[in-house]
Amino acid sequence: MTRALTEDTVVVGLLDQPHHDGSPLYVSTQAPALGQTVQIRLRVPAPEDASDRVTTVHVRTTPDGESRYVDAVVVHEDEHETWWQAEVVVHNPVTGYRFLLSGGPAGYQWLNGTGLHDRDVPDAADFRLVATDAPPPEWALDAVVYQVFPDRFARSAGADARPTPEWAVPARWEEPVTRDRRIIGDQLYGGDLDGIREHLDHLERLGVDVLYLTPFFPGRSNHRYDADTFQHVDPLLGGDDALARLTLEAHRRGLRVLGDFTTNHTGARHEWFETAVAQPDSPERGFYLWDDDGGYVSWLGVPSLPKLNYDSDELWRRVLVDPDGVVRRWLAQPYALDGWRVDVANMTGRHGAQDHNHAVAREMRRAVDEAAPGSLLVGEHVHDFSTDIRGDGWHGAMNYAGFTRPVWTWLRDKGFAPKFLGSPLRVPRLGGEAVRETVEDFMAQSPWTVRAHSFTLLGSHDTTRVRTLVGEDARQVVAAAGLLLTMPGIPMITYGDEVGMEGDSGEDGRRPMPWDESCWDTDIFEAYQALVRLRVDHVALRRGGLRWVHADGDSLTFLREHPDQTALVLVSRGAHAPIRLSTRHLPGVEAAVAAYGTNLGREGGTITLDADGPGVSVWVWPGAPETPW
């Protein structure tokens with residue numbers, strides 16, 4: 001339990017704990033080859049009492065499932081801390097390791113991803129090195145993603161000439177989103193790809209550099225997750241040529257474009273499914289799962305979404321292997337997507353005793369690496385993804401479990417408690433200590449490379465809008481955006497969040513983008529602009545590790561550490577007592593300058609972090625001493 005702060009409290013927090021996180025400051029390479037020897041480092045702060053100092057460090061690995069111990073040696077020592085280094089052979093594609101410390105107040109301790117333990121712990125939270133034939137794309141570490149729901153972002157003049165399909169209920173751009181669940185998927189505003197292309201200036205103005213499109217395949221709904229075909233772009237969006245025009249213009253501006261593909265199911269009007277029903281002897285019949293009564297299996301029992309069966313070699317070929325198959329076709333010219341977000345990645349290839357999930361993920365990784373090297377592959381996953389995303393398949397996940405939900409529990413308004421992606425219970429409101437513990441529990445189960453290549457997000461087209469979540473005080477939105485743009489991972493902004501768009505559920509949040517700037521919350525927009533620029537300008541925020549400093553009810557304080565720079569971040573959800581930190585465990589902080597927010601208070605051997613309300617402050621200084629590889 002963190003004790004309450006007073007004006008005179010000097011916080012040690014977590015800075016007196018040994019630390020390692022798998023980031024570039026602590027591991028010599030982020031993309032090792034199988035069989036390569038990698039240097040790993042452990043940072044051990046100097047104790048107040050010299051008799052408590054750590055005297056030896058070993059690294060335990062488990063090559064081929066058997067424990068092995070490697071000695072670590074001291075490579076740097078000063079009055080602040082000692083750096084230990086060991087060599088680890090990447091013997092298996094996923095090589096786990098943890099530290100064994102002797103000496104110190106407990107005599108011996110293990111250090112893994114969840115922290116320091118003076119007892120034995122399971123291997124699930126061990127650190128991991130991942131060797132693959134093709135590492136994740138470097139550019140993604142510096143990216144800021146902007147999610148667009150094509151029907152609701154922008155409508156070009158060409159949309160007026162397109163007939164409304166029989167399934168759709170047309171709506172004017174200024175018309176509210178319907179609450180009638182019978183037609184909520186049918187309400188069509190007519191946004192299209194040329195409309196998005198005509199508004200790429202907005203993305204550049206915001207500062208983002210990746211456009212992520214929810215599905216562009218034709219379907220019988222405004223969300224298009226019920227695809228009729230994967231061979232063409234929906235004519236309502238402008239067709240194939242409109243996608244080619246959009247990616248060409250985006251690339252000309254230095255923007256990348258991600259598509260959205262549902263590997264788990266198709267629509268019931270998909271050409272494959274209609275053939276499967278009409279021709280029981282066809283190969284397409286094997287593309288789907290059928291029950292003993294001849295009925296078909298669907299996603300969560302939704303009849304319009306029949307589930308794919310990856311027992312079928314022919315389905316495997318058409319989706320993953322064929323050069324003109326779904327995955328590869330849209331990565332090639334003239335469309336040249338820069339990767340895929342994979343819808344329902346967690347359920348793909350799974351039904352009862354069948355489980356092809358990891359095989360599909362690995363094959364899709366191979367497909368994108370061959371078709372368009374450097375493409376990004378991010379899987380949707382709404383809970384613990386650690387056993388599914390290990391670094392050899394999807395590069396990362398949509399990090400709902402280790403980011404979105406804990407942030408919601410901390411920042412949600414006291415009077416508004418939304419449900420979270422299928423949960424029967426309302427989201428609780430918790431303090432900063434619980435948020436820190438939740439983030440670390442989930443993220444400790446995954447390799448650093450997976451964490452770094454996962455989307456951090458405050459919400460999406462499937463959730464409540466952050467502006468509605470936090471209530472009336474717009475400063476809470478800035479606090480949320482501060483976490484989004486200073487924490488590890490690839491930040492993803494859902495269209496309209498940056499101007500204060502509201503919505504109390506996923507469907508209600510899919511409102512048309514308001515292009516009349518008089519409707520914007522300009523304070524929120526300017527804060528998003530500044531925070532995006534902050535991340536772009538500071539390597540520690542893009543590529544640094546994560547070292548927690550302090551957490552209490554209303555504040556979260558952490559370090560982002562990179563060989564070239566350190567950033568100290570304070571995010572507050574309300575006014576709180578000053579946080580006074582001893583500089584003993586913050587080497588280099590004397591050179592810190594304010595990069596965003598308030599100035600840093602300094603007095604003797606302490607610094608003071610303060611907030612009179614919700615917000616974020618960031619201070620930066622040159623990287624840790626004596627740490628180049």
Side-chain angles (χ1 to χ4, degrees), residues 146-153 169 171-189 191 214 221-223 225 300 302 380 382-383 398-401 403-430 435 455-484 491-516 519-525 527-528 573-574 614:
Y146 190 79
Q147 183 197 37
V148 164
F149 192 82
D151 183 56
R152 308 291 164 85
F153 187 66
V169 177
R172 301 181 307 277
W173 202 256
E174 66 278 6
E175 190 173 330
V177 173
T178 183
R179 297 277 182 164
D180 186 344
R181 300 199 67 83
R182 295 171 300 175
I183 62 169
I184 202 164
D186 302 333
Q187 192 176 32
L188 191 72
Y189 286 84
T214 59
S221 66
N222 52 43
H223 55 71
Y225 285 103
L300 298 182
V302 178
E380 181 189 31
V382 300
H383 51 92
M398 296 187 76
N399 193 3
Y400 285 112
F403 185 85
T404 314
R405 183 160 182 162
V407 171
W408 276 30
T409 63
W410 191 53
L411 288 177
R412 79 151 178 87
D413 181 59
K414 295 177 183 178
F416 178 65
K419 293 182 178 180
F420 189 88
L421 294 176
S423 172
L425 301 179
R426 302 289 179 177
V427 171
R429 191 172 193 265
L430 302 176
V435 171
F455 284 177
T456 52
L457 60 161
L458 298 172
S460 69
H461 69 289
D462 286 325
T463 72
T464 295
R465 288 279 181 171
V466 64
R467 184 70 185 86
T468 302
L469 175 81
V470 302
E472 295 183 0
D473 191 345
R475 295 178 300 171
Q476 296 281 14
V477 179
V478 177
L483 279 172
L484 177 71
M492 189 201 88
I493 300 167
T494 300
Y495 81 98
D497 276 356
E498 76 281 9
V499 301
M501 186 184 292
E502 298 185 357
D504 62 15
S505 64
E507 292 85 355
D508 184 43
R510 299 173 188 176
R511 301 180 185 185
M513 179 73 177
W515 289 111
D516 179 355
C519 300
W520 294 7
D521 187 317
T522 55
D523 290 340
I524 290 177
F525 182 66
Y528 265 92
R573 72 175 180 185

| query | Hey, mind stepping through H461 and Y225 against ring-ring contact (aromatic ring centres under 6.0 Å, His included) and telling me if it holds? | reply | CA-CA 12 Å; H461 69 289; Y225 285 103; 5.6 Å; yes

Does any non-hydrogen side-chain atom of [Y] lie less than 4.5 Å from one of [X]?
X    : Y    : value
I183 : D180 : yes
V499 : D521 : no
E380 : D462 : yes
R511 : R465 : no
L469 : W408 : yes
P614 : V478 : no
W515 : F153 : yes

Determine yes or no for a side-chain-to-main-chain donor-acceptor pair under 3.5 angstrom, with [X] supplying the side chain and [Y] the backbone.
X    : Y    : answer
N399 : F455 : no
R429 : R412 : yes
T404 : L457 : yes

Do [X] and [Y] have side-chain atoms, one donor and one acceptor, less than 3.5 Å apart?
X    : Y    : result
T463 : Y400 : no
Q187 : T178 : no
Y146 : E498 : yes

| message | More than 12 heavy atoms of other residues, nucleotides or ligands under 6.0 Å from CD of E174: yes or no? | response |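 Counting neighbours around CD of E174, more than 12 heavy atoms of other residues, nucleotides or ligands fall under 6.0 Å, so yes.
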
| request: Would you check, one step at a time, whether the test side chain to side chain contact (heavy atoms under 4.5 Å, CB included) holds for R467 with Q476? | output: CA-CA 8 Å; R467 184 70 185 86; Q476 296 281 14; over 6 Å; no

salt_bridge([X], [Y]) N-O dist < 4.0 Å:
X    : Y    : result
E507 : R181 : yes
R573 : D413 : no
D504 : K419 : no
R475 : D523 : no

| query | What residues, two or more places apart in sequence or in another chain, satisfy side-chain hydrogen bond (donor to acceptor under 3.5 Å, both in side chains) together with S221? | reply |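 H223, D226.
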
| query | Nearest 0.5 Å, what's the OG-CG distance between S460 and D497? | reply |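 So the OG of S460 and the CG of D497 are separated by 9.5 Å.
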
| query | Could you go step by step and tell me if L483 and W410 meet the side chain to side chain contact (heavy atoms under 4.5 Å, CB included) rule? | reply | CA-CA 11 Å; L483 279 172; W410 191 53; 3.9 Å; yes

| query | Can you check side chain to side chain contact (heavy atoms under 4.5 Å, CB included) on M513 and R152, steps first, answer last? | reply | CA-CA 6 Å; M513 179 73 177; R152 308 291 164 85; over 6 Å; no

| Hey, mind stepping through R510 and D151 against salt bridge (charged side-chain N to carboxylate O under 4.0 Å, His left out) and telling me if it holds? | CA-CA 9 Å; R510 299 173 188 176; D151 183 56; over 6 Å; no

| said: Would L484 and F403 count as a side chain to side chain contact (heavy atoms under 4.5 Å, CB included) here? Give the steps. | reply: CA-CA 9 Å; L484 177 71; F403 185 85; 4.1 Å; yes

| field | All ring pair (Phe, Tyr, Trp, His ring centres under 6.0 Å) counterparts of W173, not counting sequence neighbours | value |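 Ring pair (Phe, Tyr, Trp, His ring centres under 6.0 Å) list for W173, sorted by chain: empty.
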
| Contact summary for R426 and A417, nearest pair of heavy atoms |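 Where R426 meets A417 most closely, the heavy atoms are CD-O, 2.7 Å.
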
